[in-house]
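Each remark here refers to the structure printed beneath this line.
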Amino acid sequence: MEHVTTRPSRIGGVSLVPRLRVSFEFFPPKTEEMERTLWDSVERLAPLSPSFVSVTYGAGGSTRERTHATVKRILNETTLTPAAHLTCVAATREEVDEVVRNYCSAGVRHIVALRGDPVEGVGVPYAPHPGGYRNAADLVGGIKRIADMEVSVSAYPEKHPDSPSVEADIDMLKAKVDAGATRAITQFFFDNDHYFRYLDRVRARGIEVPIVPGILPVQNFKQAKSFAERTGASVPLWLAERFGGLDDDLATRKLIAAAVASEQVLDLVDRGVTDFHFYTMNRADLVYAICHLLGMRPEARAAA
Ligand code: FAD
């Protein structure tokens, strides 16, 4: 179900009513308390009718069972459409194929296919498992051979840290799309110009799939900065300045966070973006508020 927003865009002074679609990303919970937080968030965000909700796969395949359990619970207990993240790390092709088949027989029809990071951590050169998929493009091909599932992949507007250039990244994106991926979700970015420059280069290569911006609402600036350092995303000075001096002031930080995120998404809408993927960090409030600003309203479609 798609939303028709109530927010007119201001392109060229002409009022347009864009059709916006959102998706939400969650991670599998480790503790009972985190489990409650996750399901409260799922319940709160579900009435916004996201196109899909995705569940991450822990580094090194560490959350295989928890990812599977979370995806299955979404499938069984909500009306949402789940997408399961899957990586190539530390597993043979047969093991990965088995995970895909299990998802398939459980009724999951969408996989976010990733290479993943080395088990030793980010910064260590990646070496594929000797009997495993070599990279994300290889994995996309493997999934497509098993079942005709929807496959989304990653994209990096500011270049993946392993990659020598944006062009090399775009070569990899092209290989993933040629292997059957039909959507790319970007790493988060804070400066929208990075996204639009990247989009121009992707389109110039003849890649036509949607490049959905991944939005990280900054709930905790220190944490976001550390994510950015690991993923190669830049943190503009203006962003650091906006959160400066607020380490011990949660209430103001929340207000600033809402202002920063809404400024980013509204600018993207004004520049023609219609699809958004939110990195929720399993928290609903900020994402819910941004979606509200985008004109989205709850429907009588509950989580359970
Ligand atoms: P790819 O698209 O395969 O490669 C990214 C770039 O690195 C390409 O330019 C490629 O050319 C280059 N590259 C790849 N391999 C090499 C190599 N050996 N040498 C030199 N260059 C190379 N991680 C998880 O563990 N679990 C998740 O659930 C998860 N979800 C994600 C969701 C999104 C939307 C995004 C953007 C990232 C996610 N990640 C996740 C992180 C991702 O696994 C890492 O960024 C990982 O380092 C790369 O995986 P990829 O599929 O993006 O890589």
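For ligands, and for the atoms within them, numbers begin at 1 and follow the listed sequence. Only a predicted model underlies this, so the values are computations on that prediction, with no experimental measurement involved. FYI, side chains are in, hydrogens and waters are out, and symmetry mates aren't considered; it's all heavy atoms of this structure.
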Check for me whether [X] has a heavy atom closer than 4.0 Å to any atom of ligand 1.
| X | value |
| --- | --- |
| Tyr156 | yes |
| Asp117 | yes |
| Gly214 | no |
| Tyr279 | yes |
| Lys159 | no |

Carboxylate-amine/guanidinium contact [X] [Y], below 4.0 Å:
| X | Y | result |
| --- | --- | --- |
| Lys174 | Asp178 | yes |
| Asp169 | Lys159 | no |
| Arg115 | Asp138 | no |

Notebook entry, point to check: By number and element, which atoms of ligand 1 are closer than 4.0 Å to a non-hydrogen atom of Thr56?
Noted result: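 Those atoms are 28 (O).
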Side-chain donor-acceptor contacts of residues 222-229 below 3.5 Å, not counting sequence neighbours, with atom names and distances?
none

Notebook entry, point to check: Should the proximity of His277 to ligand 1, defined as any heavy atom under 4.0 Å, be assigned to the side chain, the backbone, both, or neither?
Noted result: neither
Notebook entry, point to check: Which part of Ala136 is near ligand 1, with near meaning a heavy atom under 4.0 Å away: side chain, backbone, both or neither?
Noted result: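 The part of Ala136 near ligand 1 is both the backbone and the side chain.
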Check: If Ile, Leu, Val, Met, Phe, Trp and Tyr residues are connected whenever their side-chain heavy atoms lie under 4.5 Å apart, and connections chain through other members, are Phe52 and Val55 in the same group?
Finding: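 No, separate clusters.
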Check: Mind checking what makes ring pair (Phe, Tyr, Trp, His ring centres under 6.0 Å) contact with Tyr279, not counting sequence neighbours?
Finding: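 Per chain and number, Tyr279 pairs via ring pair (Phe, Tyr, Trp, His ring centres under 6.0 Å) with His277.
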Checklist line | Gap between atom CZ of Phe196 and atom CG of Asp191 - 0.5 Å precision | finding: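 Going from the CG atom of Asp191 to the CZ atom of Phe196 covers 10.5 Å.
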Check: Less than 3.5 Å between some nitrogen or oxygen of Thr87 and one of ligand 1, yes or no?
Finding: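 No; every N/O pair is 3.5 Å or more apart.
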Notebook entry, point to check: At what distance is the nearest protein heavy atom to atom 29 (C) of ligand 1, and which residue and atom is it?
Noted result: Leu114 CD1, 3.3 Å
